[in-house]
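First the structure, in the form of structure tokens, and then the observations on it.
Values in this document were obtained by computation on a predicted structure and should not be read as measured data.
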Amino acid sequence: MGVVTDIRSRSRSAKLAAGVSCEQAGRSGKRNVSLFWRIFSLNAAGLVVATALLLGPVTVSTPVLAGEALVLLAGLAALLAGNAVVLRIGLTPLHRLGRAMSTADLLVPGTRPEVSGPAEAAQLIATYNTMLDRLQAERAAGAGRALQAQERERHRIARELHDEVGQTLTAVLLQLKRVADRVPGELRDEVTLAQEATRAGLDEIRRIARRLRPGVLEELGLASALRSLAAEFTHHGLTVQHHIPGDLPPLAPEAELVLYRVAQEGLTNTARHADAARAALTLRPLPGAAGVELLVRDDGTGLGTAAEGAGIRGMRERALLIGAEIHFEPAPGGGTDVRLRVPAPPGDRSADRTGDSP
């Protein structure tokens with residue numbers, strides 16, 4: 001996926017980096033001296049002191065006396081120690097930046113390295129933070145386009161399954177019913193089995209179409225869609241309880257779709273991989289009308305040490321798309337918690353709503 005930038009974005013980044021550097025220097029209350037001038041000043045001070053000693057009463061005999069050698073060695077040690085201290089102080093922010101760069105993940109927004117140290121290091125860290133912010137914004141935009149294309153493809157496939165395959169199987173089922181009325185008795189059982197297999201295939205096609213295109217989300221809203229999702233996953237040893245109030249704060253359609261897809265993926269992972277007997281689906285408003293929180297909790301085997309799969313990465317991308325926070329944590333007593341916090345749309349935080357903890 002290509003990324004297009006222009007000179008205006010680069011200039012804004014440079015201004016922001018300079019502004020952050022100046023702001024950091026202002027907060028520290030002192031002038032931010034560059035690493036070059038720190039090392040140069042220390043070396044210059046050492047050379048000046050050495051020159052003053054040579055021009056002064058200090059002399060070096062041949063052979064060098066023990067006292068004179070001690071003075072020279074002490075001066076050399078002091079100069080080396082000063083250089084080491086200056087370099088350690090100057091390079092520490094760069095080491096911290098290197099650790100932050102090695103652990104950075106655009107799908108897991110985290111804290112930025114502190115802008116500190118000499119002017120060159122502070123400017124480099126500020127530029128890196130600005131670049132990371134821009135990359136995350138561009139990644140979110142790209143993920144949004146990809147997810148929108150994915151949803152359109154889901155709708156197309158669901159429509160074709162319903163209109164083409166579903167209607168064909170319905171016609172086959174009706175034809176088998178007419179055949180069953182005319183076949184001899186010894187073949188009626190086989191035709192009945194064919195009818196049951198066709199009816200089961202038709203139900204499976206409809207179930208797949210509903211999962212590809214959550215029509216209940218468009219028709220009845222998020223709360224009803226999540227309740228229907230919990231009922232759909234309650235089967236064969238997995239009991240899904242839901243706690244979904246009706247007075248939820250208003251959300252954008254994109255946020256509702258992300259909440260539904262994350263709940264769907266979380267329950268799918270529970271049913272397939274968690275070996276769980278119970279699961280809970282909870283949606284509650286955050287205090288102060290700050291948004292909503294979705295919690296998918298199970299009593300299964302937990303995440304363990306396995307690497308994140310495509311399902312979890314997909315949930316992270318969906319959360320990044322709407323500026324939400326998603327966390328995967330061990331559940332109390334075992335199992336896994338999938339916690340998604342979706343912020344309220346701008347301008348919708350006037351009401352003072354509070355929610356109960358799950």
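- Under the 4.5 Å side-chain heavy-atom criterion for Ile, Leu, Val, Met, Phe, Trp and Tyr, Val165 and Ile157 are members of the same hydrophobic cluster.
- Atom CG of Leu257 is separated from atom CZ of Arg318 by 6.0 Å, given to the nearest 0.5 angstrom.
- When hydrophobic clusters are built by joining Ile, Leu, Val, Met, Phe, Trp and Tyr residues whose side-chain heavy atoms come closer than 4.5 Å, directly or via intermediates, Leu174 is not grouped with Ile205.
- Taking all atoms of both residues into account, the shortest heavy-atom contact from Pro113 to Ile125 is O-CG2, 3.6 Å.
- In this structure the side chain of Leu173 never reaches within 4.5 angstrom of the side chain of Lys177, judged on heavy atoms.
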Residues Gln175, Val179; criterion side-chain contact (heavy atoms from CB on, under 4.5 Å); working and verdict: CA-CA 6 Å; Gln175 186 66 26; Val179 171; 4.2 Å; yes

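- Rounded to the nearest 0.5 Å, atoms CG (Asp275) and CG (Leu238) are 10.5 Å apart.
- Counting only distance, with no hydrogens or angles, the side chain of Ser228 and the backbone of Ser224 share no donor-acceptor pair below 3.5 Å.
- Here the CG-CD distance, from Leu202 to Gln195, works out to 12.5 Å after rounding to the nearest 0.5 Å.
- Two residues are said to be in side-chain contact when any heavy atoms from C-beta on lie closer than 4.5 Å; Val292 and Leu283 meet this criterion.
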Trace of the side-chain contact (heavy atoms from CB on, under 4.5 Å) decision for Glu196 with Leu193: CA-CA 5 Å; Glu196 292 176 356; Leu193 290 176; 4.0 Å; yes

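- To the nearest 0.5 Å, atom CD of residue Glu265 and atom CZ of residue Arg272 are 7.5 Å apart.
- Note that CZ of Arg199 is 12.0 Å distant from CG of Leu169, once rounded to the nearest 0.5 Å.
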Criterion side-chain contact (heavy atoms from CB on, under 4.5 Å) on Leu229 and Glu232, from CA distance to verdict: CA-CA 5 Å; Leu229 188 65; Glu232 179 183 345; 4.2 Å; yes

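- We find the CD1-CD distance between Ile326 and Glu317 to be 11.5 Å, quoted to the nearest 0.5 Å.
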Step-by-step side-chain contact (heavy atoms from CB on, under 4.5 Å) determination, His243 to Arg284: CA-CA 8 Å; His243 308 279; Arg284 69 182 184 94; over 6 Å; no

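- A donor-acceptor pair under 3.5 Å is formed between the side chain of Asp299 and the backbone N or O of Ala277.
- Ion pairing between a basic and an acidic side chain is recognised when a charged N comes within 4.0 Å of a carboxylate O; Glu160 and Arg156 show such pairing.
- Here the side chain of Asp337 pairs no donor or acceptor atom with the backbone of Leu295 at under 3.5 angstrom.
- Across all their heavy atoms, Pro245 and Ala223 have their closest contact at O-CB, 4.2 Å.
- Both Ile244 and Leu259 are members of a single hydrophobic cluster when ILVMFWY side chains are connected at heavy-atom separations under 4.5 Å.
- Using a 4.5 Å heavy-atom cutoff, the side chains of His327 and Arg341 are in contact.
- When all heavy atoms are compared, the tightest approach of Pro249 to Pro285 is CD-CB, 3.8 Å.
- Looking at Arg297, its side chain never comes within 3.5 Å of a backbone N or O of Ala331 through a donor-acceptor pair.
- Enclosure of atom CG in Asp203 by more than 12 non-hydrogen atoms of other residues, nucleotides or ligands within 6.0 angstrom is indicated.
- The environment of CZ in Arg278 is sparse: at most 12 heavy-atom neighbours from other residues, nucleotides or ligands sit within 6.0 Å.
- Of the residues Ile312, Asn269, Val296, the one that meets the side chain to side chain contact (heavy atoms under 4.5 Å, CB included) test with Phe328 is Ile312.
- For the side chain to side chain contact (heavy atoms under 4.5 Å, CB included) with Asp298, the lone residue among Val338, Leu281, Thr270 that qualifies is Thr270.
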